[in-house]
2 protein chains.
Amino acid sequence: MSLEHAILVSLMERAGSGYELARRFDRSIGYFWSASHQQIYRTLKRMADVGWVNQEVVYQNARPDKKVYRPSTEGQEALRAWISEETGEANTRATLAVKLRGASYGDTGALVDQFTHYRDAALRQLSVYREIEARDFPDAESLSGRALHQYLVLRAGILEEQTLAAWCSEVIARLTEVLKQPQNPEHARDEAQPADAR
Amino acid sequence: MSLEHAILVSLMERAGSGYELARRFDRSIGYFWSASHQQIYRTLKRMADVGWVNQEVVYQNARPDKKVYRPSTEGQEALRAWISEETGEANTRATLAVKLRGASYGDTGALVDQFTHYRDAALRQLSVYREIEARDFPDAESLSGRALHQYLVLRAGILEEQTLAAWCSEVIARLTEVLKQPQNPEHARDEAQPADAR
DNA sequence: GTAAGCATGTAAGCGGTTACATGATTTA
DNA sequence: TAAATCATGTAACCGCTTACATGCTTAC
(Lines give C-alpha, C1' and ligand atoms only; values in the text may rest on other atoms or scores of the structure.)
Protein backbone atom coordinates (compact mmCIF):
# COMPACT_ATOMS: atom_id res chain seq x y z
CA MET A 1 0.00 0.00 0.00
CA SER A 2 1.04 3.47 -0.79
CA LEU A 3 4.01 3.14 -3.04
CA GLU A 4 3.75 6.91 -3.44
CA HIS A 5 4.89 7.49 0.09
CA ALA A 6 7.71 4.98 -0.13
CA ILE A 7 8.91 6.84 -3.22
CA LEU A 8 8.59 10.17 -1.44
CA VAL A 9 10.75 8.91 1.42
CA SER A 10 13.35 7.68 -1.03
CA LEU A 11 13.30 10.95 -2.96
CA MET A 12 13.65 12.92 0.27
CA GLU A 13 16.81 10.99 1.01
CA ARG A 14 18.06 11.72 -2.49
CA ALA A 15 16.46 13.01 -5.68
CA GLY A 16 16.59 10.61 -8.61
CA SER A 17 15.12 9.22 -11.80
CA GLY A 18 12.65 6.37 -12.15
CA TYR A 19 15.46 4.07 -13.09
CA GLU A 20 17.50 5.02 -10.04
CA LEU A 21 14.47 4.55 -7.80
CA ALA A 22 13.91 1.10 -9.28
CA ARG A 23 17.49 0.18 -8.40
CA ARG A 24 17.04 1.46 -4.84
CA PHE A 25 13.89 -0.63 -4.55
CA ASP A 26 15.98 -3.62 -5.58
CA ARG A 27 18.33 -2.95 -2.69
CA SER A 28 17.73 -1.27 0.65
CA ILE A 29 14.04 -0.41 0.46
CA GLY A 30 13.31 -3.53 -1.53
CA TYR A 31 14.07 -5.68 1.49
CA PHE A 32 10.69 -4.75 2.86
CA TRP A 33 8.96 -3.07 -0.10
CA SER A 34 9.33 -4.29 -3.65
CA ALA A 35 8.34 -2.48 -6.84
CA SER A 36 9.02 -3.10 -10.50
CA HIS A 37 10.29 -0.33 -12.73
CA GLN A 38 7.04 -0.11 -14.71
CA GLN A 39 5.15 0.38 -11.51
CA ILE A 40 7.55 3.11 -10.41
CA TYR A 41 7.37 4.94 -13.76
CA ARG A 42 3.60 5.04 -13.70
CA THR A 43 3.46 6.04 -10.07
CA LEU A 44 5.96 8.85 -10.66
CA LYS A 45 3.86 10.12 -13.57
CA ARG A 46 0.76 10.11 -11.37
CA MET A 47 2.64 11.88 -8.60
CA ALA A 48 3.88 14.52 -11.04
CA ASP A 49 0.28 15.03 -12.25
CA VAL A 50 -0.94 15.57 -8.71
CA GLY A 51 2.01 17.83 -7.97
CA TRP A 52 3.74 15.79 -5.30
CA VAL A 53 7.02 15.77 -7.20
CA ASN A 54 8.79 18.17 -9.56
CA GLN A 55 10.25 16.80 -12.75
CA GLU A 56 13.53 18.03 -14.21
CA VAL A 57 14.83 16.62 -17.47
CA VAL A 58 18.58 16.06 -17.40
CA TYR A 59 20.17 15.78 -20.82
CA GLN A 60 23.11 13.42 -21.03
CA ASN A 61 25.48 12.84 -23.92
CA ALA A 62 26.91 9.38 -23.32
CA ARG A 63 23.71 8.05 -21.78
CA PRO A 64 19.97 8.39 -22.40
CA ASP A 65 18.37 11.52 -21.02
CA LYS A 66 16.64 11.10 -17.70
CA LYS A 67 13.93 12.73 -15.65
CA VAL A 68 15.05 13.58 -12.16
CA TYR A 69 12.29 13.85 -9.60
CA ARG A 70 12.31 15.62 -6.26
CA PRO A 71 9.47 16.12 -3.76
CA SER A 72 7.55 19.37 -4.06
CA THR A 73 6.39 21.35 -1.05
CA GLU A 74 3.00 19.66 -1.41
CA GLY A 75 4.68 16.28 -1.60
CA GLN A 76 6.64 16.96 1.56
CA GLU A 77 3.44 18.08 3.28
CA ALA A 78 1.62 14.95 2.11
CA LEU A 79 4.43 12.76 3.41
CA ARG A 80 4.45 14.55 6.74
CA ALA A 81 0.68 14.13 7.09
CA TRP A 82 0.81 10.46 6.07
CA ILE A 83 3.47 9.65 8.64
CA SER A 84 1.30 11.05 11.43
CA GLU A 85 -1.87 9.51 9.99
CA GLU A 86 -3.27 6.35 11.52
CA THR A 87 -1.82 3.22 9.92
CA GLY A 88 -4.44 0.80 8.60
CA GLU A 89 -4.56 -2.96 9.00
CA ALA A 90 -3.15 -3.82 5.60
CA ASN A 91 0.55 -4.47 5.36
CA THR A 92 1.11 -2.74 8.66
CA ARG A 93 4.66 -3.87 9.26
CA ALA A 94 5.96 -2.73 5.87
CA THR A 95 4.00 0.53 6.13
CA LEU A 96 5.45 1.27 9.55
CA ALA A 97 8.92 0.48 8.25
CA VAL A 98 8.47 3.08 5.50
CA LYS A 99 7.14 5.60 8.00
CA LEU A 100 10.05 4.89 10.31
CA ARG A 101 12.50 5.36 7.48
CA GLY A 102 10.88 8.74 6.79
CA ALA A 103 10.52 9.74 10.43
CA SER A 104 12.93 12.67 10.01
CA TYR A 105 10.49 14.28 7.58
CA GLY A 106 7.51 14.03 9.91
CA ASP A 107 6.43 14.07 13.53
CA THR A 108 8.43 11.47 15.46
CA GLY A 109 6.16 11.77 18.48
CA ALA A 110 3.09 10.87 16.44
CA LEU A 111 4.98 7.93 14.98
CA VAL A 112 5.78 6.64 18.46
CA ASP A 113 2.04 6.70 19.19
CA GLN A 114 1.42 4.53 16.15
CA PHE A 115 4.05 2.02 17.11
CA THR A 116 2.46 1.87 20.55
CA HIS A 117 -0.91 1.26 18.95
CA TYR A 118 0.52 -1.45 16.71
CA ARG A 119 2.35 -3.13 19.59
CA ASP A 120 -0.89 -3.26 21.57
CA ALA A 121 -2.67 -4.77 18.59
CA ALA A 122 0.07 -7.41 18.28
CA LEU A 123 -0.20 -8.24 21.97
CA ARG A 124 -3.98 -8.53 21.70
CA GLN A 125 -3.65 -10.87 18.76
CA LEU A 126 -1.03 -12.82 20.68
CA SER A 127 -3.42 -13.38 23.58
CA VAL A 128 -6.07 -14.55 21.09
CA TYR A 129 -3.60 -17.12 19.81
CA ARG A 130 -2.64 -18.07 23.36
CA GLU A 131 -6.28 -18.74 24.17
CA ILE A 132 -6.68 -20.93 21.10
CA GLU A 133 -3.54 -22.77 22.12
CA ALA A 134 -4.76 -23.39 25.67
CA ARG A 135 -8.24 -24.40 24.49
CA ASP A 136 -7.44 -26.57 21.45
CA PHE A 137 -3.95 -27.84 22.17
CA PRO A 138 -3.57 -28.44 25.91
CA ASP A 139 -1.01 -31.19 25.36
CA ALA A 140 1.01 -29.67 22.55
CA GLU A 141 3.93 -32.04 23.16
CA SER A 142 2.10 -35.12 21.99
CA LEU A 143 0.36 -34.13 18.77
CA SER A 144 0.33 -35.79 15.39
CA GLY A 145 -1.51 -35.61 12.08
CA ARG A 146 -3.81 -32.73 11.31
CA ALA A 147 -3.85 -31.49 14.89
CA LEU A 148 -0.06 -31.14 14.83
CA HIS A 149 -0.18 -29.31 11.51
CA GLN A 150 -2.78 -26.88 12.78
CA TYR A 151 -0.79 -26.33 15.93
CA LEU A 152 2.38 -25.57 13.97
CA VAL A 153 0.52 -22.98 11.92
CA LEU A 154 -0.70 -21.45 15.14
CA ARG A 155 2.90 -21.39 16.34
CA ALA A 156 3.82 -19.24 13.34
CA GLY A 157 1.19 -16.74 14.44
CA ILE A 158 2.43 -16.73 18.02
CA LEU A 159 6.06 -16.27 17.05
CA GLU A 160 5.14 -13.56 14.55
CA GLU A 161 3.14 -11.47 17.01
CA GLN A 162 5.81 -11.81 19.66
CA THR A 163 8.43 -10.59 17.21
CA LEU A 164 6.24 -7.71 16.08
CA ALA A 165 5.62 -6.61 19.65
CA ALA A 166 9.31 -6.87 20.47
CA TRP A 167 10.26 -4.79 17.43
CA CYS A 168 7.70 -2.11 18.32
CA SER A 169 9.01 -1.96 21.89
CA GLU A 170 12.54 -1.52 20.62
CA VAL A 171 11.50 1.24 18.22
CA ILE A 172 9.48 3.02 20.89
CA ALA A 173 12.36 2.84 23.37
CA ARG A 174 14.97 4.15 20.97
CA LEU A 175 12.80 6.93 19.53
CA THR A 176 11.62 8.24 22.89
CA GLU A 177 15.16 8.07 24.21
CA VAL A 178 16.28 10.43 21.44
CA LEU A 179 13.20 12.62 21.81
CA LYS A 180 13.96 13.17 25.49
CA GLN A 181 17.38 14.64 24.81
CA PRO A 182 16.78 18.41 24.67
CA GLN A 183 20.08 19.13 22.92
CA ASN A 184 19.07 16.94 20.00
CA PRO A 185 15.48 17.69 19.08
CA GLU A 186 14.23 15.57 16.17
CA HIS A 187 11.64 18.15 15.28
CA ALA A 188 14.23 20.84 14.55
CA ARG A 189 13.99 22.61 11.19
CA ASP A 190 17.40 21.61 9.90
CA GLU A 191 16.61 17.95 10.42
CA ALA A 192 13.68 18.09 8.04
CA GLN A 193 15.75 18.86 4.96
CA PRO A 194 16.43 16.35 2.20
CA ALA A 195 19.69 14.48 2.53
CA ASP A 196 20.93 15.62 -0.86
CA ALA A 197 20.61 19.32 -0.05
CA ARG A 198 24.28 19.68 0.50
CA MET B 1 -0.94 -16.48 -4.09
CA SER B 2 -3.00 -19.45 -4.92
CA LEU B 3 -6.28 -18.98 -3.18
CA GLU B 4 -7.36 -22.11 -5.05
CA HIS B 5 -5.13 -24.30 -2.96
CA ALA B 6 -6.13 -22.66 0.30
CA ILE B 7 -9.75 -23.38 -0.64
CA LEU B 8 -8.89 -26.96 -1.54
CA VAL B 9 -7.30 -27.49 1.88
CA SER B 10 -10.33 -26.04 3.58
CA LEU B 11 -12.68 -28.17 1.48
CA MET B 12 -10.64 -31.28 2.26
CA GLU B 13 -11.16 -30.62 5.94
CA ARG B 14 -14.87 -30.18 5.34
CA ALA B 15 -17.02 -29.67 2.24
CA GLY B 16 -18.98 -26.44 2.17
CA SER B 17 -20.58 -23.59 0.25
CA GLY B 18 -18.94 -20.35 -0.81
CA TYR B 19 -20.59 -18.60 2.08
CA GLU B 20 -19.29 -21.13 4.58
CA LEU B 21 -15.80 -20.87 3.12
CA ALA B 22 -15.93 -17.10 3.45
CA ARG B 23 -16.77 -17.48 7.12
CA ARG B 24 -13.90 -19.90 7.63
CA PHE B 25 -11.57 -17.42 5.96
CA ASP B 26 -12.76 -14.85 8.46
CA ARG B 27 -11.71 -17.12 11.30
CA SER B 28 -9.04 -19.79 11.43
CA ILE B 29 -7.54 -19.62 7.95
CA GLY B 30 -8.10 -15.87 7.81
CA TYR B 31 -5.44 -15.33 10.47
CA PHE B 32 -2.83 -15.89 7.80
CA TRP B 33 -4.84 -15.83 4.56
CA SER B 34 -7.71 -13.42 3.96
CA ALA B 35 -10.29 -13.54 1.17
CA SER B 36 -13.53 -11.71 0.56
CA HIS B 37 -16.68 -13.59 -0.35
CA GLN B 38 -16.75 -12.22 -3.90
CA GLN B 39 -13.25 -13.47 -4.43
CA ILE B 40 -14.18 -16.89 -3.10
CA TYR B 41 -17.29 -17.17 -5.26
CA ARG B 42 -15.39 -16.34 -8.42
CA THR B 43 -12.55 -18.67 -7.53
CA LEU B 44 -14.95 -21.52 -6.79
CA LYS B 45 -16.63 -20.98 -10.15
CA ARG B 46 -13.25 -21.11 -11.89
CA MET B 47 -12.29 -24.22 -9.95
CA ALA B 48 -15.56 -25.89 -10.90
CA ASP B 49 -14.90 -25.01 -14.56
CA VAL B 50 -11.46 -26.60 -14.42
CA GLY B 51 -12.87 -29.60 -12.58
CA TRP B 52 -11.03 -29.27 -9.29
CA VAL B 53 -14.26 -29.29 -7.30
CA ASN B 54 -17.65 -30.89 -7.67
CA GLN B 55 -20.72 -28.79 -7.15
CA GLU B 56 -23.85 -30.10 -5.48
CA VAL B 57 -26.88 -27.87 -5.11
CA VAL B 58 -28.56 -28.29 -1.73
CA TYR B 59 -32.16 -27.10 -1.63
CA GLN B 60 -33.27 -25.61 1.67
CA ASN B 61 -36.71 -24.48 2.75
CA ALA B 62 -36.10 -22.03 5.54
CA ARG B 63 -32.89 -20.70 4.00
CA PRO B 64 -31.63 -19.85 0.51
CA ASP B 65 -30.41 -22.78 -1.54
CA LYS B 66 -26.69 -23.31 -1.52
CA LYS B 67 -24.00 -24.92 -3.61
CA VAL B 68 -21.86 -27.32 -1.67
CA TYR B 69 -18.40 -27.89 -3.08
CA ARG B 70 -16.05 -30.77 -2.46
CA PRO B 71 -12.67 -31.51 -4.05
CA SER B 72 -12.74 -33.82 -7.06
CA THR B 73 -10.13 -36.50 -7.62
CA GLU B 74 -8.32 -34.06 -9.93
CA GLY B 75 -8.51 -31.38 -7.26
CA GLN B 76 -7.01 -33.69 -4.68
CA GLU B 77 -4.27 -34.61 -7.12
CA ALA B 78 -3.59 -30.94 -7.84
CA LEU B 79 -3.39 -30.18 -4.14
CA ARG B 80 -1.06 -33.07 -3.54
CA ALA B 81 1.21 -31.94 -6.37
CA TRP B 82 1.18 -28.32 -5.22
CA ILE B 83 2.19 -29.25 -1.68
CA SER B 84 5.25 -31.07 -2.97
CA GLU B 85 6.00 -28.39 -5.55
CA GLU B 86 8.72 -25.84 -4.88
CA THR B 87 7.40 -22.78 -3.05
CA GLY B 88 8.20 -19.49 -4.78
CA GLU B 89 9.49 -16.27 -3.24
CA ALA B 90 6.16 -14.50 -3.03
CA ASN B 91 4.25 -14.71 0.22
CA THR B 92 6.30 -17.70 1.26
CA ARG B 93 5.32 -17.78 4.91
CA ALA B 94 1.58 -17.78 4.20
CA THR B 95 1.99 -20.29 1.41
CA LEU B 96 3.95 -22.65 3.62
CA ALA B 97 1.32 -22.25 6.33
CA VAL B 98 -1.36 -23.37 3.87
CA LYS B 99 0.78 -26.27 2.73
CA LEU B 100 1.42 -27.24 6.32
CA ARG B 101 -2.26 -27.13 7.07
CA GLY B 102 -2.85 -29.46 4.14
CA ALA B 103 0.15 -31.70 4.84
CA SER B 104 -2.09 -34.71 5.53
CA TYR B 105 -3.30 -34.61 1.93
CA GLY B 106 0.19 -34.58 0.44
CA ASP B 107 3.74 -35.78 0.94
CA THR B 108 4.96 -34.73 4.38
CA GLY B 109 8.54 -35.65 3.54
CA ALA B 110 8.60 -33.31 0.54
CA LEU B 111 7.13 -30.59 2.72
CA VAL B 112 9.94 -31.01 5.22
CA ASP B 113 12.38 -30.45 2.37
CA GLN B 114 10.68 -27.19 1.53
CA PHE B 115 10.76 -25.97 5.10
CA THR B 116 14.46 -26.81 5.16
CA HIS B 117 14.95 -24.83 1.97
CA TYR B 118 13.02 -21.89 3.37
CA ARG B 119 14.90 -21.97 6.67
CA ASP B 120 18.20 -21.87 4.79
CA ALA B 121 16.97 -18.91 2.74
CA ALA B 122 15.98 -17.11 5.96
CA LEU B 123 19.39 -17.78 7.48
CA ARG B 124 21.13 -16.52 4.35
CA GLN B 125 19.06 -13.34 4.41
CA LEU B 126 19.82 -13.00 8.10
CA SER B 127 23.54 -13.07 7.45
CA VAL B 128 23.09 -10.43 4.74
CA TYR B 129 21.40 -8.22 7.32
CA ARG B 130 24.11 -9.00 9.87
CA GLU B 131 26.75 -7.87 7.41
CA ILE B 132 24.92 -4.62 6.74
CA GLU B 133 24.63 -4.14 10.47
CA ALA B 134 28.35 -4.69 11.06
CA ARG B 135 29.34 -2.50 8.12
CA ASP B 136 26.94 0.44 8.47
CA PHE B 137 26.10 0.45 12.17
CA PRO B 138 29.16 -0.58 14.16
CA ASP B 139 28.09 1.47 17.18
CA ALA B 140 24.36 0.74 17.17
CA GLU B 141 23.98 1.90 20.76
CA SER B 142 24.65 5.55 20.00
CA LEU B 143 22.60 6.35 16.91
CA SER B 144 20.18 9.17 16.25
CA GLY B 145 18.30 10.76 13.36
CA ARG B 146 18.13 9.06 10.01
CA ALA B 147 20.83 6.54 10.87
CA LEU B 148 18.83 5.36 13.87
CA HIS B 149 15.68 5.07 11.76
CA GLN B 150 17.46 3.03 9.14
CA TYR B 151 18.95 0.82 11.79
CA LEU B 152 15.56 0.16 13.36
CA VAL B 153 14.14 -0.89 10.00
CA LEU B 154 17.09 -3.24 9.63
CA ARG B 155 16.27 -4.60 13.08
CA ALA B 156 12.81 -5.54 11.83
CA GLY B 157 14.43 -7.58 9.09
CA ILE B 158 16.81 -9.30 11.49
CA LEU B 159 14.07 -10.17 13.96
CA GLU B 160 11.80 -11.37 11.16
CA GLU B 161 14.34 -13.73 9.61
CA GLN B 162 15.31 -15.10 13.01
CA THR B 163 11.67 -15.83 13.76
CA LEU B 164 11.14 -17.42 10.37
CA ALA B 165 14.17 -19.67 10.78
CA ALA B 166 13.06 -20.64 14.29
CA TRP B 167 9.58 -21.51 13.06
CA CYS B 168 10.95 -23.63 10.23
CA SER B 169 13.24 -25.49 12.63
CA GLU B 170 10.31 -26.20 14.92
CA VAL B 171 8.18 -27.46 12.03
CA ILE B 172 10.99 -29.63 10.68
CA ALA B 173 11.68 -31.13 14.10
CA ARG B 174 8.06 -31.96 14.83
CA LEU B 175 7.28 -33.34 11.37
CA THR B 176 10.37 -35.54 11.16
CA GLU B 177 9.76 -36.77 14.70
CA VAL B 178 6.33 -38.03 13.63
CA LEU B 179 7.64 -39.39 10.34
CA LYS B 180 10.23 -41.50 12.16
CA GLN B 181 7.62 -43.37 14.18
CA PRO B 182 6.97 -46.50 12.12
CA GLN B 183 3.70 -47.26 13.91
CA ASN B 184 2.25 -43.93 12.81
CA PRO B 185 3.05 -43.37 9.14
CA GLU B 186 1.77 -40.03 7.84
CA HIS B 187 1.64 -41.37 4.35
CA ALA B 188 -0.88 -44.10 5.19
CA ARG B 189 -3.96 -44.32 3.04
CA ASP B 190 -6.49 -43.73 5.81
CA GLU B 191 -4.80 -40.47 6.77
CA ALA B 192 -5.37 -38.96 3.36
CA GLN B 193 -9.16 -38.95 3.60
CA PRO B 194 -11.21 -35.77 4.05
CA ALA B 195 -12.09 -34.97 7.64
CA ASP B 196 -15.81 -34.95 6.91
CA ALA B 197 -15.86 -38.47 5.54
CA ARG B 198 -17.34 -39.87 8.69
C1' DG C 1 30.82 -9.89 -30.56
C1' DT C 2 28.01 -10.36 -26.61
C1' DA C 3 26.37 -9.18 -22.31
C1' DA C 4 25.35 -5.83 -18.93
C1' DG C 5 24.06 -1.25 -17.65
C1' DC C 6 21.39 3.01 -18.50
C1' DA C 7 16.80 4.82 -19.43
C1' DT C 8 11.85 4.95 -20.48
C1' DG C 9 7.88 3.39 -21.98
C1' DT C 10 3.19 0.60 -24.08
C1' DA C 11 -0.17 -3.16 -23.67
C1' DA C 12 -2.48 -7.07 -21.92
C1' DG C 13 -4.02 -9.45 -18.24
C1' DC C 14 -4.90 -10.97 -13.47
C1' DG C 15 -6.01 -10.96 -8.68
C1' DG C 16 -8.26 -8.43 -5.45
C1' DT C 17 -11.23 -4.60 -3.35
C1' DT C 18 -15.40 -1.89 -3.07
C1' DA C 19 -19.93 -0.92 -4.10
C1' DC C 20 -24.34 -2.37 -5.33
C1' DA C 21 -28.25 -5.71 -5.52
C1' DT C 22 -31.65 -9.18 -3.83
C1' DG C 23 -34.49 -11.56 -0.47
C1' DA C 24 -35.89 -14.64 3.09
C1' DT C 25 -35.46 -15.82 8.26
C1' DT C 26 -34.13 -15.27 12.87
C1' DT C 27 -32.88 -12.53 16.84
C1' DA C 28 -32.83 -8.43 19.77
C1' DT D 1 -39.05 -2.72 13.79
C1' DA D 2 -34.37 -2.94 13.01
C1' DA D 3 -30.33 -5.62 12.67
C1' DA D 4 -27.93 -9.76 11.88
C1' DT D 5 -27.49 -14.26 9.46
C1' DC D 6 -27.80 -17.01 5.36
C1' DA D 7 -26.71 -17.12 0.41
C1' DT D 8 -25.16 -15.68 -4.18
C1' DG D 9 -24.05 -12.78 -7.44
C1' DT D 10 -22.78 -8.37 -11.07
C1' DA D 11 -19.92 -4.34 -12.26
C1' DA D 12 -16.38 -1.04 -11.90
C1' DC D 13 -12.09 -0.17 -10.65
C1' DC D 14 -7.23 -0.40 -9.07
C1' DG D 15 -2.60 -2.00 -8.24
C1' DC D 16 0.60 -4.88 -9.83
C1' DT D 17 2.94 -8.38 -12.93
C1' DT D 18 4.59 -9.95 -17.30
C1' DA D 19 5.78 -9.40 -21.86
C1' DC D 20 7.32 -6.63 -25.43
C1' DA D 21 9.89 -2.67 -27.47
C1' DT D 22 13.75 0.64 -28.30
C1' DG D 23 18.52 2.23 -28.46
C1' DC D 24 22.93 3.75 -27.00
C1' DT D 25 27.42 2.84 -24.27
C1' DT D 26 30.71 0.34 -21.70
C1' DA D 27 33.01 -3.75 -20.16
C1' DC D 28 34.47 -8.56 -20.91
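Source: prediction; values computed, not measured.
- Of the charged side-chain nitrogens involved, at least one lies within less than 4.0 Å of a carboxylate oxygen, so that B:E20 and B:K66 count as a salt-bridged pair.
- Listed candidates were D:dG9, C:dT10, C:dG5. Nearest to the side chain of A:Y19 is C:dG5.
- Counting any heavy atom pair closer than 4.0 Å across all strands shown, B:T43 reaches no nucleic acid atom.
- Taking atom CD of residue A:Q55 and atom C1' of nucleotide C:dG9, one finds them 13 Å apart after rounding to whole Å.
- You'll find that the side chain of A:Q38 is closest to D:dA19, out of D:dT10, D:dA19, C:dG16.
- Mapping A:K45 and A:Q60 onto DNA chain C via the closest heavy atom, the residue that lands nearer the 5' end is A:Q60.
- In the hydrophobic clustering of this structure, A:V153 groups with A:I158; members are Ile, Leu, Val, Met, Phe, Trp, Tyr whose side-chain heavy atoms approach within less than 4.5 Å, directly or through other members.
- At whole-Å resolution of the value, OH in A:Y59 and P in C:dA7 are 15 Å apart.
- OP1 or OP2 of D:dT17 lies within a sub-4.0 Å distance of a side-chain N or O belonging to A:S36.
- For D:dT8, neither phosphate oxygen OP1 nor OP2 lies less than 4.0 angstrom from any side-chain nitrogen or oxygen of B:R42.
- Distance, B:Q39 CD to C:dT18 P: 11 Å, rounded to whole Å.
- Following rounding to the nearest Å, B:D65 (CG) and D:dC6 (C1') show an atom-to-atom distance of 11 Å.
- Ranked by how close their nearest DNA chain D nucleotide is to the 5' end, B:R63 and B:Y69 are led by B:R63.
- Nearest to the side chain of A:K67, among C:dG9, D:dG9, C:dA7, sits C:dG9.
- The interatomic distance linking A:D26 (CG) with C:dG5 (P) rounds to 11 Å, in whole Å.
- Rounded to an integer number of Å, the gap from A:L21 CG to C:dT8 C1' is 13 Å.
- The backbone N or O of A:V178 sits nowhere less than 3.5 Å from a side-chain atom of B:S144 that would complete a donor-acceptor pair.
- Side chain of B:R24 to backbone of B:S10: a donor-acceptor contact under 3.5 angstrom is found.
- In this structure, CZ of B:R46 is placed 8 Å from C1' of C:dG15, rounded to the nearest angstrom.
- Which of C:dG9, D:dT8, C:dC6 sits closest to the side chain of B:K66 comes down to D:dT8.
- Each of C:dC6, D:dT17, D:dG9 was ranked by its minimum atom distance to the side chain of B:Y41; first place goes to D:dG9.
- Rounded to whole angstrom, the span from the CG atom of A:L44 across to the P atom of C:dT10 amounts to 13 Å.
- Under the 3.5 Å distance criterion, the side-chain polar atoms of A:Q114 are matched with a main-chain donor or acceptor of A:S84.
- OP1 and OP2 of D:dA7 both lie 4.0 Å or more from every side-chain N or O belonging to B:R23.
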